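Heads up, the thing below is written out as structure tokens.
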Amino acid sequence: MYKEQRFQDIEKIMKECRILCEKKKIRTETYYVNHGSVQKGLVDQISKLGITSLVLGKSPQNSFTRALKKDIPTYVSKNAPKFCTVVVVCKGKLFSIKDAKQPHIQFSSTRSSNSAATDATASERSETSFGVDTEQDEPRTSGHIEDDDDDAADDYVDEDKVRAWHELKDDKSSNSGSYSLGFLESSSKVLLQNGLVNGAKNDSIASSTTRIHSSMDWTRSFNHEASKDIHEPWSSPDKNGQTAESPPGRNNLDDGTATTNNEPQECINAEPQGDIGSSPSSATSIYMTMDDSEIILYPNLDPLFQSSKDIEKPPNPRITMEPSVQTTSRAGEGVEASLKIELLENEAHVASDLDFLLNEAKVSARLARRQLEKQTNHLRKTAEVIAKIKRLTAERDAAVQEAKSAILKASIEKTKYEEAIAALKNQQLLQKKIEEEAQRNQETRTELEYLKKLVDNYSVEASMARQQAEEERYRYQETLLKLEEVTKKLETESHLRKEVEERASQEAIAKLEAVMALRKHERKYSEYTIRELQTATNGFHDDSKLGEGRYGSVYKGELYNSSVAIKVLASEGLGDDEFYKEVKLISQIYHPHIVALLGACPEKGCLVYEYMVNGSLEDCLNCKDGIPPLPWYVRFRICLEIATALLFLHSHPIPIIHRNLKPGNILFDHHFRSKIGDTGIAKLILNNVTMFRESTLAGTMAYIDPDYQRTGILSCETDVYSLGIIMLQLLTGKPAMGVTDLVEEAVENGRLEDVLDKSAGAWPLSEATALACLSMQCAEPRRRHRPNLETKVLPELERIQSAASTAATCAKLPFFNEKPLVPNFFICPISQAIMKNPHMAADGFTYEYEFIKLWLQQNDTSPMTNLTFNHKNLMPNHKLQSSIREWQESGLLP
Ligand SMILES: Nc1ncnc2c1ncn2[C@@H]1O[C@H](COP(=O)(O)OP(=O)(O)OP(=O)(O)O)[C@@H](O)[C@H]1O
């Protein structure tokens with residue numbers, strides 16, 4: 001009845017606890033454990049179930065509980081296996097924590113002991129495996145502990161002792177009724193009923209532990225030691241071996257049938273306090289631990305136990321009373337029987353104590369044996385460790401040896417590696433040298449390619465040069481051939497020229513001889529018949545006519561292999577003797593620049609002159625028949641030549657005045673030397689002819705001295721005037737009319753070059769200006785203003801001519817009409833040929849030595865000026881001879 005009531009109370013509390021856990025969504029499972037000692041039962045269950053985490057509630061202790069040293073949580077904390085962490089809370093506060101010292105080692109228990117009542121259960125229990133619980137995900141609940149009692153229990157035993165107790169208990173469970181240990185287990189739950197009866201100090205303690213599983217399998221056990229009045233623990237077998245009622249579905253420990261009930265089972269270990277009422281602790285605490293899938297609740301059932309004195313064992317059929325510990329009091333027996341019973345009970349207690357002592361001794365022996373086994377195991381392990389150390393040492397030595405070998409090998413390898421590195425460096429150096437060599441080779445190839453290109457270019461250029469050289473050589477050969485032809489032609493021409501020169505020389509000598517003879521013996525006048533002249537002129541054919549003048553027509557004729565010009569006079573009265581006397585006198589005049597009168601034909605009235613092949617100055621100035629303009633240096637020379645001839649005429653014993661000096665009467669021979677024509681004819685005509693053509697007079701008036709025109713008085717200055725006008729025409733190329741004013745104005749303005757004849761070339765301005773000034777002086781209207789021909793005009797003209805000739809020679813210009821001009825001072829005035837041995841006479845002129853020598857032998861006057869020589873010494877003109885030689889060697893010979 002009491003147990004029933006007790007169980008109901010516990011059930012009520014546990015129900016509240018489960019509800020609380022369900023609200024927290026915590027799976028619960030209730031174990032009922034029947035054990036003689038709550039704390040030992042808990043420790044035992046921790047070991048058996050492999051609980052790694054346990055939370056225990058600690059009730060505040062009073063002096064009574066402290067005296068009894070019944071502090072279960074403290075005991076469990078101290079004696080729990082090392083793999084279990086025990087947390088003790090008291091009044092909602094943490095009281096203490098005992099951490100696990102080692103992980104839970106899973107091993108199989110071979111424990112074979114068990115009582116008859118727990119055979120089946122023990123068999124299952126013996127197969128229970130404990131493992132390391134690594135998962136602790138579920139929350140732990142704890143309450144506050146009111147730390148009002150830190151007095152630890154002193155009856156704790158160590159784990160081995162507990163285990164020994166179990167073993168001993170198992171051994172004794174079958175035949176001893178002094179204590180009982182019952183287990184209700186299923187595959188996943190354990191019910192521990194703490195009903196261990198350990199004398200008077202344990203029997204009054206009851207507690208319950210609830211373990212809640214999700215499977216809601218319930219196994220309940222209830223153990224109650226209410227008090228000394230109810231000193232027979234319900235979990236202990238009574239003397240009669242009666243067994244308490246077992247709850248429905250609960251396994252009976254005695255029959256060994258540990259079956260699993262699908263219903264939720266609850267294990268409550270209730271230990272009513274012997275003096276519950278005096279306990280200051282009246283509150284109920286539930287201490288729990290959550291370990292993976294389980295929660296163990298440990299309610300403090302002091303209030304229940306407080307009233308458990310009056311409570312009969314509960315009649316709840318779910319409560320399993322362990323048959324080995326169940327005690328039933330029977331009221332109503334007699335006192336004797338009570339005494340006997342009491343005696344028996346005392347004896348039983350004594351026996352129980354003895355048995356307890358015996359068990360203690362056995363436990364000690366077992367402990368000693370276990371200690372010995374431990375030491376033996378320790379020694380064995382030590383030996384194993386030593387062996388292992390030796391093996392490791394050997395292995396280490398071997399490893400060291402191997403390491404040394406490896407080091408040696410490594411050293412060898414290092415040496416090889418260094419050698420390889422050195423070889424690699426050498427190889428790299430060689431590679432670098434090879435690359436440098438390759439670079440140099442590349443550069444050399446590039447240079448060679450460049451040189452090859454140059455060579456190719458040079459080859460092309462050489463080929464082109466060869467081709468050009470071939471062409472040049474071909475042209476050179478052609479030129480050489482042409483040169484040879486020219487040379488041959490020149491040689492031929494030279495030969496012909498020499499022949500001509502020799503012939504001319506011979507003619508000149510003949511002329512000289514004739515002149516000499518004439519001078520000496522009165523020159524022989526030649527009279528030609530009309531038949532001869534007709535024959536010479538092809539009957540005076542028009543093709544032979546050279547032109548017409550005021551006094552008649554002029555024909556070209558050939559008389560005795562000589563060209564002559566025959567002037568047919570148209571005037572009447574030319575046949576008298578006086579006329580021909582005058583003609584004979586004129587024909588005796590010989591001067592290099594005076595056209596020679598060779599003879600006459602009195603019957604026809606014809607005068608025969610030497611033929612001048614290059615026409616007149618008038619024709620040249622007018623560029624008649626394509627005659628090229630005269631160069632400036634030829635014009636200087638003409639001035640000097642004409643002046644010389646005039647001086648010669650004027651120096652005649654009876655001065656001869658030309659009266660009709662004009663460009664038309666200045667003729668040119670084959671050397672383009674100028675000669676004055678119609679010399680003396682004017683006097684003859686004017687004296688003997690009364691009629692002449694006035695048509696030609698207009699063209700002549702410009703050259704006639706204005707004084708002579710105004711006064712009719714002739715003088716040498718009359719010819720000087722004419723000379724001045726001719727020289728102005730030579731400078732300007734302008735007509736005679738007005739040329740004086742033109743040049744005068746230009747000179748005065750310093751702009752002479754503007755009026756110079758540009759067709760004559762680049763005039764030397766100073767000489768041109770000098771000649772212009774001299775010409776203007778000569779052309780002065782007044783004769784007294786005109787310069788003297790001998791003293792002023794001729795010397796100035798010689799100076800100007802010399803400078804102009806030098807300039808022309810330096811400029812290599814002595815050419816006219818594509819023919820080289822022979823400087824007039826290279827020609828002997830007597831022989832009219834180029835001098836070979838020039839000598840200067842007293843008159844200042846240079847002559848060929850042979851001719852002047854001959855001349856001086858017969859004459860005392862100059863052949864050029866007709867002046868008397870002061871002396872007849874001749875001086876060699878080496879300078880002129882050298883110039884003539886150089887000129888001849890220069891290839892400018894005509
Ligand atoms: N000796 C000569 N040799 C060559 N041609 C001459 C010679 N004498 C005269 N002539 C040319 O014959 C032409 C006629 O000359 P001519 O002297 O009769 O007349 P002019 O001089 O023109 O006039 P003028 O009657 O006033 O002198 C001129 O063209 C002249 O060149």
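As the structure is a prediction and not an experimental result, all values here were calculated from the model. For ligands, and for the atoms within them, numbers begin at 1 and follow the listed sequence.
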Quick one: is the NZ or CZ of K556 closer than 6.0 Å to the six-membered ring centre of Y611, and within 45° of its axis? yes
Is there a side-chain contact between Y528 and L559, using heavy atoms and a 4.5 Å cut-off? yes
Is K567 touching ligand 1 with its side chain, its backbone, both, or neither, if touching means heavy atoms under 4.0 Å apart? side chain
Within reach of ligand 1, part of D619 (heavy-atom separation under 4.0 Å): neither
Below 4.0 angstrom from a heavy atom of [X], which ligand 1 atoms are there? Numbered from 1 as shown, please.
X	result
E610	1 (N), 2 (C), 3 (N)
D678	17 (O), 21 (O), 27 (O)
N665	17 (O), 21 (O), 27 (O)
G552	18 (O)

Cut-off 3.5 Å, side chains only: do E618 and S616 have a donor facing an acceptor? no
Please check if any side-chain donor atom of T865 sits under 3.5 Å from a side-chain acceptor atom of D843, or the reverse. no
Could you tell me whether [X] and ligand 1 have an N or O pair separated by under 3.5 Å?
X	answer
Y609	no
S616	no
A565	no
K662	yes

Parallel, tilted or perpendicular, judged at 30° and 60°: which one describes the rings of Y849 and H839? tilted
Would you call the rings of F540 and Y555 parallel, tilted or perpendicular if under 30° counts as parallel and over 60° as perpendicular? perpendicular
Candidates V554, I666, D669, L546; heavy atom nearest atom 15 (O) of ligand 1 found on V554
Please report the C-alpha distance between V793 and L774 in whole Å, then the side-chain angles of each, then the deciding distance to 0.1 Å, and finally whether the side-chain contact (heavy atoms from CB on, under 4.5 Å) criterion is met. CA-CA 7 Å; V793 175; L774 182 64; 4.3 Å; yes
Does E767 have any side chain to side chain donor-acceptor pair (under 3.5 Å) partners at least two apart in sequence or in another chain, and if so, which? none
